[in-house]
Amino acid sequence: MQLKKEIKIMLGCLRRADEDFKLIEDGDKIAVGISGGKDSLAMLYALQLYRRFSKKAFELHGITVSLGMQPFDTRGVKAFCEKLSVPYTVIETQIGRIVFDERQEKNPCALCANMRRGALNNGAMAAGCNKTALGHHSGDVVGTFLLSLLYESRLNTFSPKTYLSRSGLTVIRPLIYAEEANLRHAAQGLELPVVASPCPACGQTKRAQMETLLKSLNQYAPGAKGRIMQAISNTEQYGLWNNIDEGREKK
């Protein structure tokens, strides 16, 4: 019963995001970015369920971008995609070597993320997709907001829907309303084939620091995270997602 509840909550969050931001349309072919983590695998499962229960006709194609670092065994993910009847592609890269060995980045996340997004977009276009789906949840939304506020002196976070004019792809984030705990419980209950990240910076990033900060904020002001998320998504003038115009990419 608890698993059914978690799945229902997750699917409800996806439906709400789709209704609010028109993320999915008939005829879409969506490249689902599967990092191997619980969030992206839960997103794939939720999108496949949404295909069954919504009245929209769309296709899915799972894509994993390998950083070229080991261990990183995607056989479980491949079997999971086959079980869902979703085509699956692994894109092999040397992003890890470039970021850590050649460039020796002190803050590797930004460069790594840009290179991974580029590889994912190229894979999506090669597969004939018009959209890519990323598994960011509400905690990621708030964490990005805090990073922008504290390190860039601006009020900003990623958009639920972003049109990439150079590639013609649209990036969607179907789980922006979902809580990380909900996705974790769903992943555990479904026994999703989570693959541990081989990145040596995993758990030591500024984003991880924002997670610690959020926990502290919630201790001093219970519900703080939810109120920050509400401020971001509020439909009144101060909402960061107001008048979303297909979320065109910013130069």
Side-chain angles (χ1 to χ4, degrees), residues 1-21 23-24 28 30-54 56 58-66 72-90 113 116-117 120 124 129 131-144 158 160-161 171-199 202-203 207-208 211 214 225-226 229 233:
M1 288 295 293
Q2 184 60 34
L3 176 58
K4 289 183 179 180
K5 179 181 178 182
E6 297 291 354
I7 293 174
K8 184 177 180 180
I9 292 171
M10 180 172 62
L11 193 59
C13 289
L14 191 157
R15 181 185 294 111
R16 178 187 166 197
D18 184 30
E19 291 174 351
D20 284 354
F21 304 109
L23 301 182
I24 301 173
D28 280 345
I30 303 171
V32 182
I34 305 174
S35 65
K38 68 182 188 314
D39 301 335
S40 58
L41 288 168
M43 176 180 63
L44 174 63
Y45 182 84
L47 283 169
Q48 183 69 336
L49 278 183
Y50 197 55
R51 283 184 66 193
R52 292 168 50 191
F53 296 124
S54 73
K56 300 181 180 183
F58 61 95
E59 299 179 50
L60 302 174
H61 189 117
I63 297 180
T64 294
V65 175
S66 170
F72 190 67
D73 187 349
T74 59
R75 288 176 294 180
V77 178
K78 179 180 179 181
F80 180 60
C81 288
E82 290 175 350
K83 182 179 179 180
L84 297 180
S85 298
V86 172
Y88 178 59
T89 302
V90 177
R116 283 189 289 112
R117 281 196 295 268
L120 174 61
C129 298
K131 291 180 178 177
T132 60
L134 304 180
H136 296 117
H137 51 70
S138 63
D140 295 319
V141 175
V142 175
T144 300
F158 48 69
K161 183 178 182 181
V171 179
I172 61 174
R173 294 176 169 90
L175 295 182
I176 51 166
Y177 288 137
E179 295 284 340
E180 189 273 339
N182 168 236
L183 301 183
R184 182 176 67 253
H185 294 153
Q188 291 171 346
L190 291 166
E191 298 183 343
L192 298 182
V194 174
V195 183
S197 172
C199 175
C202 186
R207 186 169 295 279
E211 293 177 7
L214 268 177
K225 173 183 168 294
M229 181 67 183
S233 60

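For the residue pair Thr132/Arg117, the side-chain donor-acceptor check at 3.5 Å is not satisfied.
Judged by distance alone, the side chain of Thr64 and the main-chain N or O of Ile34 form a donor-acceptor pair under 3.5 Å. Using modelled atom types, one side-chain atom of Ser40 and one backbone atom of Ser35 make a donor-acceptor pair closer than 3.5 Å. Panel note: side chain Asp28, backbone Ile30; no donor-acceptor pair is recorded below 3.5 Å. Although no hydrogens or angles enter the test, the distance criterion places a donor-acceptor pair under 3.5 Å between the side chain of Ser138 and the main chain of Ala178.
Salt-bridge check for Arg51 with Glu59: failed, with every basic side-chain N at 4.0 Å or more from each acidic carboxylate O. Under 4.0 Å is where a charged nitrogen must lie from a carboxylate oxygen, and between Lys56 and Asp18 at least one such pair does.
Ring pair Tyr50/Phe58 is tilted by interplanar angle, where 30° to 60° counts as tilted.
Counting all heavy atoms, side chain and backbone alike, Ile176 lies closest to Phe21 at CD1-CE1, 3.6 Å. Residue Phe158 comes nearest to His136 through the heavy atom pair CZ-CB, 3.5 Å, listed as atom of the first residue, atom of the second, then distance.
Residue Lys38 is tested with Glu180, His137, His185 for a side chain to side chain donor-acceptor pair (under 3.5 Å); the sole match is Glu180.
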Stepwise, does the side-chain contact (heavy atoms from CB on, under 4.5 Å) test hold for Val171 with Leu134? CA-CA 7 Å; Val171 179; Leu134 304 180; 3.7 Å; yes
